[in-house]
Amino acid sequence: MKKKPNLSKAAPWLSAIGLFVLWELIVRIFNIPPYVLPTPSESIIVGWQFHEAIWMHAVHTLYTTLAGFAIAVVFGVILGALVGSSRAIYDAANPLLVGFNSVPKVALVPVLVMWFGIGTVPAIITAFLISFFPIVVNVATGLATLEPELRDVLRSLGATRTDILVKVGFPRAMPYFFASLKVAITLAFVGSVISETVASNVGVGYLMLSASSKFNMPLVFAGLLVIAVMGIAMYEIFNVIERRSTKWANRGNQTT
Amino acid sequence: MKKKPNLSKAAPWLSAIGLFVLWELIVRIFNIPPYVLPTPSESIIVGWQFHEAIWMHAVHTLYTTLAGFAIAVVFGVILGALVGSSRAIYDAANPLLVGFNSVPKVALVPVLVMWFGIGTVPAIITAFLISFFPIVVNVATGLATLEPELRDVLRSLGATRTDILVKVGFPRAMPYFFASLKVAITLAFVGSVISETVASNVGVGYLMLSASSKFNMPLVFAGLLVIAVMGIAMYEIFNVIERRSTKWANRGNQTT
Amino acid sequence: QMAIKFSLDWKFEGPAAPYLLAKKNGYFDEEGLDVTIDSGNGSVGAITRVASGAYDVSLADINSLVEFNASNPDRAMKSIFMVYDRPPFSLFMLKKSGITKPEDLVGKTLGAPVFDASRKLYPAFASATGLKLDDVTWESMDPPLREPMLVRGDVDAISGHYFTSILNLQAQGVTKDDLTVFQYKDFGMDFYGNGLLASPDMMENHAEELRGFLRGVVKGWRAAIADPASAIEALKEVDPLIDPALELQRLQMAIDENVVTPDTLENGMGLVKTDRMAKAIDQVALAFGFENKPTVGDVFTDIFMPGAEDRKIK
Amino acid sequence: MSKSFVELNNVRLRYSEGDDLALETTNMKIGKGEFIAVVGPSGCGKSSLLKLVSGLMPPSEGTVIVDNKEVAGPLKIVGMAFQNPTLLPWRTTLDNVLLPMEIVKPHRNRLRKNRAEYEERARKLLASVGLEGHEDKYPWELSGGMQQRASLCRSLIHEPDLLMLDEPFGALDAFTREELWDILQNLWMVRPFTVILVTHDLREAAYLADTIYVMSKRPGKILVERENPLPRPRDQEATFTQPFTDLVHELRSHIRDVRES
Amino acid sequence: MSKSFVELNNVRLRYSEGDDLALETTNMKIGKGEFIAVVGPSGCGKSSLLKLVSGLMPPSEGTVIVDNKEVAGPLKIVGMAFQNPTLLPWRTTLDNVLLPMEIVKPHRNRLRKNRAEYEERARKLLASVGLEGHEDKYPWELSGGMQQRASLCRSLIHEPDLLMLDEPFGALDAFTREELWDILQNLWMVRPFTVILVTHDLREAAYLADTIYVMSKRPGKILVERENPLPRPRDQEATFTQPFTDLVHELRSHIRDVRES
Ligand SMILES: Nc1ncnc2c1ncn2[C@@H]1O[C@H](COP(=O)(O)OP(=O)(O)OP(=O)(O)O)[C@@H](O)[C@H]1O
Ligand SMILES: Nc1ncnc2c1ncn2[C@@H]1O[C@H](COP(=O)(O)OP(=O)(O)OP(=O)(O)O)[C@@H](O)[C@H]1O
Ligand SMILES: Cc1ncc(C[n+]2csc(CCO)c2C)c(N)n1
Ligand SMILES: [Mg+2]
Ligand SMILES: [Mg+2]
């Protein structure tokens, strides 16, 4: 069962390296020019060359992303709890939420810029706006699919709605919640980066736009790689938290 | 329990109208200029004025979105099944998926244009790329949190891995799957629309970009409203399918 | 009939109408060409679209092409036809800001997208007017944000194409009289502007078709100059959402300021003057900061140029 | 013993409109502190009856009255052991047993301060049903019978006024079962709460209950109400006495009649 | 009856490293077509034993051999009724019972063609346990005992060579239970498959089994192996005979010893 833990640890690295090698080979074999698709090696070299600037931009993007994401988690859980535990709120809020979410947030950035000026605030808000929806949906689904047997345990004790939510709703919805966090954090990155491309003088989004205007596609892809790495890092953090807090739901994996 | 079905039916309309009224009032009271935020009434009037053009663009966007979404569902379910049922694949694929998803897809559109020209194909691909991830995550989570007791029922019959997947994995993961479809369809709209803004002569995204470069913000918002409405329509379709196919998971809602 | 994919530099706006008119009037058909015209996303995209072979021909800023060649020397491309003899690069200020001459820009904030041609060439403008690069700070923003930000006073000045920003500002209720405009061409900066590029494959294998294409383009411009309204009609057919009056104005401005110039009246459309181009390259090299400057022959070729008669404007 | 702490008046239940009845017209009166047992064939509506009394479900017709108030929603004075253990899988056994303390007043307000004391109480209770040493295991690490015992503890910990037990000893061997009978009887003798016990074991009913109700086949209704003549406290010896075996035999024949009807 | 269709050699089990043993060194030999019963106190490892034999879990030490092959993964010849009914909530009762037909060869290949015939068989089986009319209900619309009966049907429908029953009659009243004893005995007499029955009901063990194993307290091991001298077929009359009551009493005293050890 606990076979080959080393392979398991190495797997992500192997697959990442595999992808890079494949990508490098494709670009070289088909002789794809760098302004269409640079090789990963070029991107990494150029990225290293500019590593100080990238670092500064990346820190900024990380900050805006996390700020927006944090708001999204709080807001998403509250709204998800409301939507998931009351039919009326579900009926009223859902179409609006869905409609809002079908809209590309990039179209709203100009409006935000008009109100909050260029830079950090619109990026945080965009990250928030783009990432709260999956949390709402999953938390609501987790609550709505709560087994009635478990709910009855609480109800038979005369528990209030809040009690039920806190004692069985949320714990039961945890796997759903974590699944949505993984989606949401990646979206939050997308949100802050696109906001930076629309109006900012700092952040990876700005860096990428600026690089692309100078035909420096390797630097654009270096920016993409940096975002990807930050996304993975955040994801892994949630993964660790998830494994600790939803052991019970994943108990079946011991035997596979 | 089955009280006030009429209220329930009216709720989405009431909330939508409420939002519009609020929006209209805010814009009027704070005297916000239309190039920052138009009123919904302006948007609807302008939208009606251009309804033929909008219809044509909307149909195109709907088509690309659904095409991309369909690919995303097939791909997402397959990948989710792989990731959710094998630790090794999970380890190998997850970081790549997450990294890929943290990247704004809009940055990849120019690359797609190099290969496929502008127009429909990049839009379909973008819609696909942006929307498959939530499906993968939720299907994988649904499978990974399968109760071992249910799995053992199948295992005790000597079922193959595929049997287990098909007979208990998928049915059990259905609520997760539908939750992800709701997120994914909205993202698919976002994907096709942003691709259209970058590289297309047709579609709501092109319409909005074109309108915004002409400072016709009411038309931009008319475009946003059209996307929102299409998103809601798609969502409702999945909702109906969901209610039929996951009655068992929502059985608890009868009593609330 | 040969199929040609043609990418514009920008969306379907007034200055794009002549090409659409050419197509509508069958000028390309006459040359045996089946031309598809797609909207563009800025010069950067237009250049890479052709460089990658996704498009056969595109319209793009020649200064950006110089920059592209500098970073991709082994894939250098050449412009084959100049459209904007005098480019629309400009800075815009509100009169009430009190800025009347370039020196007044010191300490001010300028807004524009990073990829805006006028912003990219600002170092050349600065050196031509004796400013230092860090005399101004730039705020980066999406194109449609520029004019509102200027009007609201979030920035003191913006850069942009003359015919784009002046009309956008008009739409915000700002008339020409409220504005101070520095057009680069009025400050001794004799650049060229947007021209047509062709893919390496086209240049190598389809010289005749290219020549035919260019003939069609000139015919389109000639027809548009003679009757701009008909060009706007052709535009409206492609994009029904445009405001015809506005685009007509934009087209007229492009014709008057950028296309119909003393040089083109004399020599017809398309050509560049070697000494003027060489000077422009010097300034571009300065602006973009690269050492090994290309020669004129490296960025422009007239081998596909139609005969002088075929290039006459009027 | 004032009759009618719990009162069912012409109660009928169907799970959804158009369905058959799950419970036929039922009338019951249970006194405060009375220990009753309900027996009847599988599917006759015993679990449904408990859900009605505890307010988890509203009756389709008729009224349920507990403590002189008509039941309109879940009651706050109930301890319930469901037919399935339904332990919360994300809580350890101990935390599962402590759950009522986090919900029911006045304990919920005291719990944080007196955590140690409450835990002690839960541990003692768990030990009394033979689960010492398993307090920190998760429910899915317990055997079926162990889960059932934990669930029983959960229903008892907060000393409810009305205890509902739905086959609480079904998964236990005879000896453990009989040991738990005594424990339950002792608790009840010390502080006579009202108990409704659903069981299939007629000896269990005869050993524990003051009154035994026999229900008919689906849709269930109460056919026989039998007072238990045996004196308290009862012990294992009592099960070998003639009145006990007679009672069991009588119940047995009732059930046979019911099944054959 | 060739001894050793199922064979356990020095099997021990612990659920995870560092845990206490769940099953102490166990040796067993079960002949083909033999009907055995396992009794023992709650938590002693009976369910675990079934999981070992069916290949759902590997032993920590020792080997399990079924049909002359060492068990390395889940077997394909098993029918199993778990301690909890574990019906799939998204399937109707009928579809739950038909589940093995969709999995087990050769039925899975025939099912589509002969659907009607297989459904007929499932309906008959359901009717025989008293569930006629409930075929199209979902599991959560059934009472606890009804679920258990449906689960029993699911374990029988594909006529497995090795049947594992984990307290299959625990939630049933005495009469339904005894009826099902006879049904099971009849099936077994017609086609003698191998049965391992876990139960708490000593009468049940004595009524059904050829051999009865008594297990010790946690960690369980087999203390007594008792051949059942009663002739087949057995009927309700037999339960009133002296040999039967003697056997039950003997088992009872074994268990008492076990618990007090
Ligand atoms: N998944 C598990 N993880 C860890 N320990 C377990 C697990 N399942 C069972 N155990 C432990 O193994 C021991 C034997 O459990 P098992 O379920 O086999 O008992 P049992 O004889 O079937 O009891 P019962 O009669 O109560 O059903 C118990 O002490 C239990 O705590
Ligand atoms: N959630 C439900 N939806 C629909 N019908 C139900 C539901 N729960 C129970 N029933 C039906 O109500 C009847 C009574 O069920 P109940 O669970 O009360 O029986 P029971 O007497 O407890 O049986 P058992 O002894 O088998 O546990 C059964 O016929 C069952 O089919
Ligand atoms: C942000 C920004 N992007 C692109 C252009 C280029 N552009 C705008 S209009 C025009 C000419 C149309 O024929 C061109 C090339 C710009 N000025 N600003
Ligand atoms: Mg019941
Ligand atoms: Mg067990």
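Residue numbering restarts at 1 for every chain, and letters A, B, ... go by the order of the sequence lines.
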Between B:L187, B:I194, B:N94, B:V193, which shows the greatest number of heavy-atom pairs under 4.5 Å with chain A? B:N94

Establish, from distance only, whether the side-chain atoms of B:R172 and B:T145 form a donor-acceptor pair under 3.5 Å. yes

Which bit of [X] is near chain B, if near means a heavy-atom gap under 4.5 Å: side chain, backbone, both or neither?
{"X": "A:L19", "answer": "side chain"}
{"X": "A:I32", "answer": "side chain"}
{"X": "A:W13", "answer": "neither"}
{"X": "A:L37", "answer": "side chain"}

About how many Å separate CG of A:L79 and CZ of A:F133, when rounded to the nearest 0.5 Å? 10.0 Å

Are any non-hydrogen side-chain atoms of B:L62 and B:M234 less than 4.5 angstrom apart? yes

Got A:M217 and A:V36 here, is their nearest side-chain heavy-atom distance under 4.5 Å? no

With sequence neighbours excluded, residues passing ring-ring contact (aromatic ring centres under 6.0 Å, His included) with B:F238: B:F69

In residues 95-107 of chain A, what donor-acceptor pairs under 3.5 Å come from side-chain atoms, sequence neighbours left out?
{"unit_1": "A:S102", "atom_1": "OG", "unit_2": "A:V98", "atom_2": "O", "d": "2.9"}
{"unit_1": "A:K105", "atom_1": "NZ", "unit_2": "A:F100", "atom_2": "O", "d": "3.3"}
{"unit_1": "A:K105", "atom_1": "NZ", "unit_2": "A:V103", "atom_2": "O", "d": "2.4"}

Please confirm whether the ring centroid of B:W23 lies under 6.0 Å from the ring centroid of B:F221. yes

Give me the contact list for residues 173-181 of chain A versus chain B, heavy atoms only, anything under 4.5 Å, ordered by residue number. A:P175, A:Y176, A:A179

Pairing residues for A:S210 by the side-chain hydrogen bond (donor to acceptor under 3.5 Å, both in side chains) criterion, not counting sequence neighbours: A:K214

